[in-house]
Amino acid sequence: MSTRSRTTAYLRTTAAAALAGAVLLTGCGVNGTAKADPVPASVCAGILPAEDVTSLLPRTQVSVREEQKPIAKYPLLRCEVTAGGVSFVGSAYLPNMAGPDLAQLAGSTSSLSSSLGSSGMTGPDDAWWIIDDCRLTLDGKDQNVPVLVRARIMGNPNTDHRDALGQMVVQLAKGVDKSAQCNSKQLGDPIPAPLPAPKPVPVTDAPICAVLDPRTLGPAAEGAQRARWTATETPIPTPTSAYAYIHTCDLYIDGIRAYSLTVAFGRAAPDAEVVGERPSLSQRLPVPPAATPQPTRGARDATAMPPGTVVASVTGVKVKPDGTKSMSAYRMSRHDSPALPAVALNVPVEQVFRSWVAALVQQQRADPPTPDAEWKFA
């Protein structure tokens, strides 16, 4: 059994035990039903002030749904606050576990996101944090288990709540850590203010995102076509982004996000989505504002795959002098939508992906894939 398979099996087994704990909570009053006004003073297991959450939603009747709450040794959370068709969703689950919240980060983190410090990032409508060392007793043994915490706005893709969501996801992580008795260490670190979203840069003859040769895009970006393309790159992270970080170069055509070239580092790497895994992801992934414009002239319905589906993947591993390993998960995602111009589908995925990985390795910006690394293409 591969390392990934063993990790997946372990996490799924742990998740099943945690979900059993959540069922017991249902009998304690967490019944999963929406509550009409008045809204409680705090939501999401009492971690977030309701006023802070509702300030991000339309000013209309509010419903609160508390599905799971963290308790000792079970770091699970699921809450939803909805008003006017827009929802705030807070969650905490083990990475790679089965269930409706299985959403891998490389498919949803865009270049519009910026680092929150050691273990998280925040963007316009999706912030995440990984509790890297939640100490749980499993099978009579103390083990460190990662927990993925997320704070999202769903149903309103045209607003940027990066500052508020960044603060809330850290609050949720601290609340889950305390209730589940994780005793995580990195949550005590100062949290830097999120950087603003990057501005689109025209694709010229210069390397895209300082890495990719634009000629690898093929005929879709040759001659006059190249003027249709722009790119954005994740803002440079803080030096403390040690536990988990995702760097993305987004490619746009006619202002519509077409592809994302992503490399996940640290704790975000082992569970990064791979080619063919998207059908198992049962919850809609949040889409940044720039990815959901109105259909343009010449566009076609290209929704064969959900937005953000990974179409190329490979992982690099490097052994450090002290014997520890670092991991870099390279991913290329495509963002199909009715607005995506048909010419974008002609980009040679394998050519672009291999060129991008090689350039990152040459610049020593990520770990090189090993000779026996599995390259996957959709």
Side-chain angles (χ1 to χ4, degrees), residues 7 10-11 13-22 24-25 28 30 41-50 52-53 66-81 88-97 99 101-103 105 109 115-122 126-138 141-152 163-194 238 240-246 266-271:
T7 302
Y10 162 70
L11 289 175
T13 301
T14 306
L19 285 173
L24 293 176
L25 285 175
C28 299
V30 186
S42 60
V43 295
C44 298
I47 299 172
L48 298 178
D52 292 351
V53 174
E66 300 268 3
E67 296 182 351
Q68 291 174 319
K69 289 185 178 182
I71 59 175
K73 304 305 179 183
Y74 288 111
L76 294 187
L77 172 72
R78 177 81 183 172
C79 60
E80 185 172 327
V81 183
F88 169 85
V89 180
S91 62
Y93 286 102
L94 306 177
N96 222 20
M97 66 180 287
D101 211 56
L102 177 58
L105 300 181
T109 298
S115 173
L116 283 175
S118 63
S119 292
M121 300 185 74
T122 184
D126 187 1
W128 58 265
W129 185 278
I130 294 179
I131 302 176
D132 191 56
D133 51 0
C134 183
R135 296 173 185 80
L136 302 180
T137 302
L138 303 170
K141 299 179 181 179
D142 290 337
Q143 302 184 41
N144 288 348
V145 179
V147 179
L148 171 61
V149 184
R150 301 182 78 172
R152 290 169 281 180
D163 293 285
L165 291 176
Q167 294 175 16
M168 289 179 182
V169 78
V170 174
Q171 286 180 268
L172 288 174
K174 289 181 177 179
V176 170
D177 178 87
K178 181 178 179 179
S179 296
Q181 301 174 4
C182 290
N183 299 315
S184 175
K185 296 177 181 179
Q186 81 270 22
L187 278 167
D189 297 337
I191 305 300
T238 62
T240 59
S241 299
Y243 289 102
Y245 174 67
I246 295 176
R267 185 51 257 179
D271 300 298

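Side chains are part of it too, since the values below use all heavy atoms of this structure and drop only hydrogens, waters and symmetry mates.
Rounded to the nearest 0.5 angstrom, Ile71 CD1 and Gln181 CD are separated by 10.0 Å. Between the CD atom in Glu80 and the CZ atom in Arg152 there is a gap of 9.5 Å [rounded to 0.5 Å]. Rounded to the nearest 0.5 angstrom, Leu76 CG and Ser179 OG are separated by 11.5 Å. Atoms CG and OG, from Asp133 and Ser119 in turn, are 8.0 Å apart once rounded to the nearest 0.5 Å. Taking CD1 from Ile47 and CE from Met168, the interatomic distance works out to 12.5 Å, rounded to the nearest 0.5 Å. The CD1 atom of Ile131 sits 12.5 Å away from atom CZ of Arg267, with the distance rounded to the nearest 0.5 Å.
The closest donor-acceptor contact from the side chain of Glu66 to the backbone of Arg78 lies at 3.5 Å or more, if one exists at all.
Scanning both residues, Val149 and Ala92, for their nearest heavy atoms gives CG2-CB, 4.1 Å. Heavy-atom minimum distance, Val169 versus Ala127: CG2-O, 3.7 Å. The two residues Pro270 and Gly266 make their nearest non-hydrogen contact at CD-O, 3.2 Å. Taking every heavy atom of both residues into account, Tyr245 and Trp128 meet most closely at N-CH2, 4.2 Å. Between Leu77 and Ala45, the shortest heavy-atom distance links the atoms CD1-CB, 4.0 Å.
Using a 4.5 Å heavy-atom threshold, the side chains of Arg150 and Val89 count as separate. Contact of the Phe88 side chain with the Val43 side chain is not registered, since no non-hydrogen atoms from C-beta on lie closer than 4.5 Å. No side-chain heavy atom of Glu67 sits under 4.5 Å from any side-chain heavy atom of Ser91. Counting heavy atoms from C-beta on, the side chains of Leu48 and Leu172 come closer than 4.5 Å. For the pair Arg135 and Asp142, the minimum side-chain heavy-atom distance is 4.5 Å or more.
Between the side chains of Gln68 and Tyr93, a donor-acceptor pair is found at a separation under 3.5 Å.
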